[in-house]
Participant: 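Structure incoming, see below.
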Amino acid sequence: MRFSEIMNYKLGIIFVPDQTINNLTLFDVYPLFDIEPVKAQGSWIWDKNGVKYLDLYGGHAVISIGHSHPHYVKMLEEQLHKIGFYSNSVKIPQQEELASKLGELSGYNDYSLFLCNSGAEANENAIKLASFHNKRKKVISFSKSFHGRTSLAVAATDDASIVSPVNQTDNIVFLPFNDESALDEHINEEVCAVIIEGIQGVGGVNVPTDSFLQKLSALCKKSGAILILDEVQSGYARSGKFFAHQYSGIKPDLITIAKGMGNGFPVAGVLISPLFQAKHSMLGTTFGGNYLACAAAIAVLDIIKEENLIANALETGNYLMNELKKFEAVKEVRGLGLMIGVEFGFPSAPIRNKLLHEYKVFTGASSNKNTLRILPALNLKKAEADIFLEAFQKTLVQEIVNQ
């Protein structure tokens, strides 16, 4: 018995222990499905009860080469046994290997690479780099855009509900997406940067027209504004080209990458044109480009190249989109490759929920409540696409009957 307990006993004080146990809990930021995945392979996930799901969402387009790919697992495991982390104050040869392979596969050999950890961080650094370069402040973004949740990235995101008062700034101007006339009026010598997604993801899979991107690029060159292509979701072969903007034939000044880059391991980056001159301490990161992140990213590039996943994304994506357009209940199918938006004339949530709970197929939502997103691994097989299409047909029939 402790001294305090002995004294309380002698004084006749009865001590009743507090029966309330306070545990640290998670901050409630996401509505969660009552599903607990414990295993995944390729395009399939198993939950703790052994239920098997077809994954056509990839955790927000993150799973690019399929779950638990053997080469990917081997690369990470071997690196972990050697060294997992040290800071960017030492030479990390894997960073050079990653940059070389990325330049070769993407066609941007003459650019340089800054490595960081997330898409928001990549966009944050890209905007800052643009401002360092031309000393300007005004940034143009577009309606329905999403660029992340950090300070500048969220300010450039067209969603007032996630922009806190401290993030609000007069430096950001939003223009209507795909409106070429608005570009003439607003892009001038006062503009620091223009940031645009290769394909809008959260906004509902909206594809910029080739002429819109070409005009945007020309006006940025003329005015000295920096063109930033946010390829965080639309990059890394998802569109059927390495980057979605490559359909338009333009070369932006900065390209931001993340999501599919690490197949689930946090890694991101900024591809930087020769226009920019590096300077020590201009950019920095603690975890960016660490050994494990590089191992994951190198493995992804190896698999994309060796398994011809750019071609597979285009072929399987075209097949899916052509089949989806045949359904009368589908109002519009948008996208490129395996970045697909399916819009209905009514909210898509019941269809998404029925696909998940009755037919065990993961799909995604968007800020456009009528649009379903399909973002599978790039090695999705046609037979797996057919499994989805059959479930989709049955779901639509049931939904139309219910309406």
Participant: For the backbone of V232 and the side chain of T256, can you confirm whether one donor and one acceptor N or O come within less than 3.5 Å of each other?
Facilitator: no

Participant: Examine K354 relative to Y359 and say whether NZ or CZ is less than 6.0 Å from the centre of the six-membered ring and inside a 45° cone about the ring axis.
Facilitator: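 K354 over Y359 ring: no.
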
Participant: Can you tell me how far CG of N379 sits from CD1 of I63, rounded to the nearest 0.5 angstrom?
Facilitator: 10.5 Å

Participant: Say whether Q79 and Q94, considering side chains only, have a donor N or O and an acceptor N or O under 3.5 Å apart.
Facilitator: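 A pair is found: one side chain offers a donor N or O, the other an acceptor, under 3.5 Å apart.
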
Participant: Do you know the tightest heavy-atom contact between A156 and S141?
Facilitator: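 Smallest interatomic distance, heavy atoms only, reads O-OG, 2.7 Å.
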
Participant: Distance only, no hydrogens: is a donor on one side chain within 3.5 Å (strictly under) of an acceptor on the other, for E307 and H69?
Facilitator: yes

Participant: Given 3.5 Å as the limit, does a donor-acceptor pair link the side chain of N167 with the main chain of V163, or not?
Facilitator: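 Here the side-chain-to-backbone pair does not exist.
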
Participant: Would you indicate whether the side-chain heavy atoms of Q95 and N88 approach each other to under 4.5 Å?
Facilitator: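 Contact flag for N88/Q95 side chains = yes.
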
Participant: Do the charged groups of E190 and R136 touch, with an N to O distance under 4.0 Å?
Facilitator: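 Salt bridge: no.
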
Participant: Is it the case that Q200 and R334 place a side-chain donor and acceptor less than 3.5 Å from each other?
Facilitator: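 There is no such pair (donor and acceptor under 3.5 Å, judged by atom type) between the side chains of Q200 and R334.
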
Participant: Between S234 and E231, do the side chains contain an N or O donor and an N or O acceptor separated by less than 3.5 Å?
Facilitator: yes

Participant: Can you check whether N117 reaches T285 side chain to side chain, under 4.5 Å on heavy atoms?
Facilitator: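 Of all side-chain heavy-atom pairs linking T285 with N117, at least one is under 4.5 Å.
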
Participant: May I ask you to check whether over 12 heavy atoms, not counting those of E315, lie within 6.0 Å of atom CD?
Facilitator: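 Check fails, neighbour count at 12 or below.
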
Participant: Between K128 and E124, is the closest basic N to carboxylate O distance under 4.0 Å?
Facilitator: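 Salt bridge between E124 and K128, a charged N being under 4.0 Å from a carboxylate O: no.
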
Participant: Could you list all the salt bridge (charged side-chain N to carboxylate O under 4.0 Å, His left out) pairs where at least one residue sits in residues 264-274, not counting sequence neighbours?
Facilitator: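 Qualifying pairs: none.
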
Participant: With side chain to side chain contact (heavy atoms under 4.5 Å, CB included) as the test, would you mind laying out the steps for I127 and L254 before giving the verdict?
Facilitator: CA-CA 9 Å; I127 297 170; L254 300 168; over 6 Å; no

Participant: Can you tell me how far the CG atom of L229 sits from the CD1 atom of I196, to the nearest 0.5 Å?
Facilitator: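 With rounding to 0.5 Å, CG (L229) is 7.0 Å from CD1 (I196).
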
Participant: Please lay out, stage by stage, how N171 and K138 fare under the test side chain to side chain contact (heavy atoms under 4.5 Å, CB included).
Facilitator: CA-CA 5 Å; N171 292 331; K138 183 183 287 187; 5.7 Å; no

Participant: Give the ring-plane orientation class for F142 versus F212, where under 30° counts as parallel, over 60° as perpendicular and anything between as tilted.
Facilitator: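 The arrangement is perpendicular - the two ring planes meet at more than 60°.
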
Participant: Under the side-chain contact (heavy atoms from CB on, under 4.5 Å) test against I226, which residue among V194, N134, V191 passes?
Facilitator: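 Only one of V194, N134, V191 forms a side-chain contact (heavy atoms from CB on, under 4.5 Å) with I226, namely N134.
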
Participant: Under 3.5 Å, is there a donor-acceptor pair between the N368 and S366 side chains?
Facilitator: no

Participant: When you measure from the centre of the six-membered ring of Y247, is the NZ or CZ of K241 closer than 6.0 Å and no more than 45° off the axis?
Facilitator: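 Because its charged atom sits under 6.0 Å from the ring centre and within 45° of the axis, K241 does stack over Y247.
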
Participant: Mind checking whether M339 and L375 have side chains closer than 4.5 Å, heavy atoms only?
Facilitator: yes

Participant: Kindly determine whether V173 and V139 satisfy side chain to side chain contact (heavy atoms under 4.5 Å, CB included), including the steps that lead there.
Facilitator: CA-CA 6 Å; V173 176; V139 175; over 6 Å; no

Participant: For the residue pair T157 and R149, confirm or rule out a side-chain donor-acceptor distance under 3.5 Å.
Facilitator: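 Side-chain D/A pair, T157 to R149: absent.
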
Participant: Does E96 CD have over 12 foreign heavy atoms under 6.0 Å away?
Facilitator: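 At most 12 heavy atoms, drawn from other residues, nucleotides or ligands, come within 6.0 Å of this atom.
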
Participant: Run the side chain to side chain contact (heavy atoms under 4.5 Å, CB included) test on F146 and Q233 for me, step by step, so that the C-alpha distance in whole Å, both residues' side-chain angles and the decisive distance to 0.1 Å come before the verdict.
Facilitator: CA-CA 10 Å; F146 185 92; Q233 187 171 132; over 6 Å; no

Participant: What's the shortest heavy-atom distance between S211 and E180, and which atoms?
Facilitator: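 In this case the closest contact between S211 and E180 is OG-OE2, 2.6 Å.
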
Participant: Determine whether the aromatic ring centres of residues Y236 and F242 are separated by less than 6.0 angstrom.
Facilitator: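 Yes, close enough.
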
Participant: Ignoring hydrogens, what is the shortest heavy-atom contact between P208 and F177? Give both atom names and the distance.
Facilitator: N-CZ, 3.5 Å

Participant: Go through the side-chain N and O atoms of S143 and D158 and say whether any donor and acceptor fall under 3.5 Å apart.
Facilitator: no

Participant: Would a 4.5 Å heavy-atom cut-off, applied to side chains only, mark I351 and F346 as touching?
Facilitator: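 The answer is yes, as the side chains (C-beta and beyond) meet within the 4.5 Å cut-off.
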
Participant: Mind checking ring-ring contact (aromatic ring centres under 6.0 Å, His included) for F276 and listing every partner two or more places apart, or none if nothing turns up?
Facilitator: H133

Participant: Do the side chains of K101 and E104 get close enough for a salt bridge, i.e. N-O under 4.0 angstrom?
Facilitator: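 A salt bridge is absent here (no side-chain N lies under 4.0 Å from a carboxylate O).
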
Participant: With a 3.5 Å distance limit and no angle check, can you tell me whether N308 reaches the backbone of A311 through a side-chain donor-acceptor pair?
Facilitator: no

Participant: Do you know which of V300, L378, I303 makes side-chain contact (heavy atoms from CB on, under 4.5 Å) with N263?
Facilitator: V300

Participant: So which atom in G203 and which in N206 form the shortest heavy-atom distance, rounded to 0.1 Å?
Facilitator: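 Closest approach of G203 to N206, heavy atoms only: O-ND2, 3.2 Å.
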
Participant: Any side-chain heavy atom of L105 sitting closer than 4.5 Å to one from I304?
Facilitator: yes

Participant: Between Y111 and D253, does a side chain to side chain donor-acceptor pair (under 3.5 Å) hold up when you go through it step by step?
Facilitator: CA-CA 9 Å; Y111 280 45; D253 302 304; 5.8 Å; no

Participant: Return the orientation label for the F243 and H245 ring planes: parallel under 30°, perpendicular over 60°, tilted otherwise.
Facilitator: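 F243 vs H245 ring planes: parallel.
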
Participant: Please identify each residue that fulfils ring-ring contact (aromatic ring centres under 6.0 Å, His included) with F388, with sequence neighbours left out.
Facilitator: F392

Participant: Would you confirm whether Q398, through its side chain, and T395, through its main-chain N or O, come within 3.5 Å as a donor-acceptor pair?
Facilitator: no

Participant: Return yes if a side-chain donor-acceptor contact under 3.5 Å exists between N49 and E36, otherwise no.
Facilitator: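 Note: N49 and E36 side chains miss the donor-acceptor criterion.
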
Participant: By salt bridge (charged side-chain N to carboxylate O under 4.0 Å, His left out), which residues pair with K215, not counting sequence neighbours?
Facilitator: D184

Participant: Taking the side chain as every heavy atom from C-beta outward, state whether L336 and V207 have any atom pair closer than 4.5 Å.
Facilitator: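 Contact flag for L336/V207 side chains = yes.
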
Participant: Going by the rule ring-ring contact (aromatic ring centres under 6.0 Å, His included), which residues pair with F287 if we only count those two or more places apart in sequence or in a different chain?
Facilitator: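 F287: ring-ring contact (aromatic ring centres under 6.0 Å, His included) contacts with F85.
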
Participant: Could you check whether any side-chain heavy atom of V342 comes within less than 4.5 Å of a side-chain heavy atom of T371, counting everything from C-beta outward?
Facilitator: no

Participant: So, are K325 and E323 salt-bridged, with charged N and O less than 4.0 Å apart?
Facilitator: no

Participant: Check A237 against A313 and note the closest heavy-atom contact, atom names and distance.
Facilitator: O-CB, 3.4 Å

Participant: Is there a side-chain contact between L301 and L102 (heavy atoms, below 4.5 Å)?
Facilitator: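 Yes, close enough: below the 4.5 Å cut-off.
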
Participant: Tell me whether N125 contacts the main-chain N or O of V270 through its side chain, where contact means a donor paired with an acceptor under 3.5 Å.
Facilitator: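 The answer is no, because no donor-acceptor pair under 3.5 Å joins these two groups.
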
Participant: Side chains of K221 and S217 only: does a donor on one sit below 3.5 Å from an acceptor on the other?
Facilitator: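 S217 and K221 do have a side-chain donor-acceptor pair below 3.5 Å.
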
Participant: Taking ring pair (Phe, Tyr, Trp, His ring centres under 6.0 Å) as the cut-off, I'd like each qualifying pair that reaches into residues 35-62, sequence neighbours left out, listed once.
Facilitator: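 Listed once each, the pairs are Y53-F362, Y57-H60.
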
Participant: Under a 3.5 Å distance rule, please check whether S248 uses its side chain to pair with a backbone N or O of D210 as donor and acceptor.
Facilitator: no

Participant: Do other residues, nucleotides or ligands put more than 12 heavy atoms under 6.0 Å from E189 CD?
Facilitator: yes

Participant: If I compare all heavy atoms of C192 with all of A130, which pair ends up nearest, and what's the gap?
Facilitator: SG-C, 3.7 Å

